Amino acid sequence: MYSPAANRYDSSAFYRRCGRSGLRLPLISLGLWHNFGDKDSFEAARAIICRSFDLGITHFDLANNYGPPDGAAEVTFSRILHDDLFKWRDELIISTKAGYYMWPGPYGEWGSRKYLLSSLDQSLKRMRLDYVDIFYSHRPDPDTPLEETMGALAHAVRSGKALYVGISNYKPADTARAAKILRELGTPCLIHQPRYSMLDRWVEPELLATLENEGIGSIVFSPLAKGLLTDRYFKGIPADSRAGHDKRFLRPADITDEVLAKTRKLNDLAQSRGQTLAQLALAWVLRHKVVTSALIGASKVSQVDDCVGATKNLNFTGEELAQIEKILA
Ligand SMILES: NC(=O)c1ccc[n+]([C@@H]2O[C@H](COP(=O)([O-])OP(=O)(O)OC[C@H]3O[C@@H](n4cnc5c(N)ncnc54)[C@H](OP(=O)(O)O)[C@@H]3O)[C@@H](O)[C@H]2O)c1
């Protein structure tokens, strides 16, 4: 029988307010994109979730298509939730999304009301839940009016199947338009989920300022660049790593000499701060107050411990930031 650590909420600094909402999220959240599929070890998945909760991680991020196969991560999560964590449901923020391909025919992907609301029902069924805390439009749909997609999100809230709504992968102008529509519908946009790391800085020129202006929080995904911003690949490609065993989104060819030269230098800087490279990379994205949470993935319990350790030192000197810019240039 799992029993959570009694000291899991000892650090109030571990929670940051999400935009201008009443909701606070942990600085580190756990995503189930990888390592929670049918072929992954259920015991490892269970240990990662339970250890995360022990460390104060209250937010678990899913999507309809996480697996493989599609939907499998929601089923794995449901098993862990109902076996171990359901007693603490009111302490959990569970999110899911719809946007990518899920089923054949014209209603199985993108941003129609038909797809989003059917997909949400399917996710709730897989997770055996009455509601999720956050429901996202996973990607913008160039062919569906934004009013329809946002209307479907607002309907999810009004029908009691989601408490809050968010958008993911939306560009700055569409974000501002989506925020306006949602405000008018009485269901403010809680959060944006963009990709952001030292190796992918597309949010910096405009999106972060847009979010700040709109009072929307953000949870940044792949802050470790899928493992590149860690020591995982310093001695080759381990068989149990993402690039070693699941090459769908991180290929061995992505581990280039150029990337390794940068990450080795960043690792030296991390050590001089008394941090691991993963901790440095997480502290760096969290230096923006508009970044509510860094959304990590993990294949091992020890990685979750290491990542949460990042929050012990989120401060950077001007000189350290300049050194990072020089390394990344
Ligand atoms: N909205 C979207 O479109 C979208 C897209 C992608 C992801 N996401 C969300 O973001 C979440 C995180 O994405 P991600 O998994 O790519 O994030 P990430 O944190 O950049 O990468 C996670 C991987 O880094 C390695 N790692 C983690 N901590 C480590 C540590 N302390 N030391 C060494 N290695 C460490 C592990 O690799 P190994 O597995 O090799 O051990 C782990 O699987 C997803 O689960 C999902 O919820 C959203």
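For clarity, every value in this text was computed on a predicted model and none was experimentally measured. Just so it is clear, the values below take in all heavy atoms, side chains as well, and ignore hydrogens, waters and symmetry mates. First listed ligand is number 1; within each ligand, the first listed atom is number 1.
Evaluated for a side-chain contact (heavy atoms from CB on, under 4.5 Å) with Val132, the options Ile93, Leu120, Leu163 yield exactly one hit, Leu120.
Residue pairs meeting the ring-ring contact (aromatic ring centres under 6.0 Å, His included) criterion with at least one member in residues 117-163, sequence neighbours excluded, are Tyr100-His138.
Between Val301 and Ile48 the shortest side-chain heavy-atom distance falls below 4.5 Å. The shortest distance between side-chain heavy atoms of Ile296 and Ser29 does not fall below 4.5 Å.
With sequence neighbours excluded, no residue forms a salt bridge (charged side-chain N to carboxylate O under 4.0 Å, His left out) with Asp268. In this structure, the salt bridge (charged side-chain N to carboxylate O under 4.0 Å, His left out) partners of Arg177, at least two apart in sequence or on a different chain, are Asp174.
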With the criterion set at N/O pairs under 3.5 Å, what does the list of contacts between the protein and ligand 1 look like, atom names and distances included?
{"unit_1": "ligand 1", "atom_1": "1 (N)", "unit_2": "Ser168", "atom_2": "OG", "d": "2.8"}
{"unit_1": "ligand 1", "atom_1": "1 (N)", "unit_2": "Gln193", "atom_2": "OE1", "d": "3.1"}
{"unit_1": "ligand 1", "atom_1": "3 (O)", "unit_2": "His138", "atom_2": "NE2", "d": "3.3"}
{"unit_1": "ligand 1", "atom_1": "3 (O)", "unit_2": "Asn169", "atom_2": "ND2", "d": "2.9"}
{"unit_1": "ligand 1", "atom_1": "15 (O)", "unit_2": "Arg242", "atom_2": "NH1", "d": "3.4"}
{"unit_1": "ligand 1", "atom_1": "15 (O)", "unit_2": "Arg242", "atom_2": "NH2", "d": "2.6"}
{"unit_1": "ligand 1", "atom_1": "16 (O)", "unit_2": "Ser222", "atom_2": "OG", "d": "2.8"}
{"unit_1": "ligand 1", "atom_1": "16 (O)", "unit_2": "Arg242", "atom_2": "NH1", "d": "3.1"}
{"unit_1": "ligand 1", "atom_1": "19 (O)", "unit_2": "Gly297", "atom_2": "N", "d": "3.2"}
{"unit_1": "ligand 1", "atom_1": "20 (O)", "unit_2": "Leu224", "atom_2": "N", "d": "2.9"}
{"unit_1": "ligand 1", "atom_1": "20 (O)", "unit_2": "Ala225", "atom_2": "N", "d": "3.2"}
{"unit_1": "ligand 1", "atom_1": "20 (O)", "unit_2": "Lys226", "atom_2": "N", "d": "2.9"}
{"unit_1": "ligand 1", "atom_1": "31 (N)", "unit_2": "Asp306", "atom_2": "OD2", "d": "2.7"}
{"unit_1": "ligand 1", "atom_1": "34 (N)", "unit_2": "Thr230", "atom_2": "OG1", "d": "3.4"}
{"unit_1": "ligand 1", "atom_1": "40 (O)", "unit_2": "Arg232", "atom_2": "NE", "d": "3.3"}
{"unit_1": "ligand 1", "atom_1": "40 (O)", "unit_2": "Arg242", "atom_2": "N", "d": "2.8"}
{"unit_1": "ligand 1", "atom_1": "41 (O)", "unit_2": "Arg232", "atom_2": "NE", "d": "2.8"}
{"unit_1": "ligand 1", "atom_1": "41 (O)", "unit_2": "Arg232", "atom_2": "NH2", "d": "3.1"}
{"unit_1": "ligand 1", "atom_1": "41 (O)", "unit_2": "Ser299", "atom_2": "OG", "d": "2.6"}
{"unit_1": "ligand 1", "atom_1": "41 (O)", "unit_2": "Gln303", "atom_2": "NE2", "d": "2.9"}
{"unit_1": "ligand 1", "atom_1": "43 (O)", "unit_2": "Arg242", "atom_2": "NH2", "d": "3.0"}
{"unit_1": "ligand 1", "atom_1": "45 (O)", "unit_2": "Gly31", "atom_2": "O", "d": "3.3"}
{"unit_1": "ligand 1", "atom_1": "45 (O)", "unit_2": "Leu32", "atom_2": "N", "d": "3.3"}
{"unit_1": "ligand 1", "atom_1": "45 (O)", "unit_2": "Trp33", "atom_2": "N", "d": "3.0"}
{"unit_1": "ligand 1", "atom_1": "47 (O)", "unit_2": "Asp61", "atom_2": "OD2", "d": "2.6"}

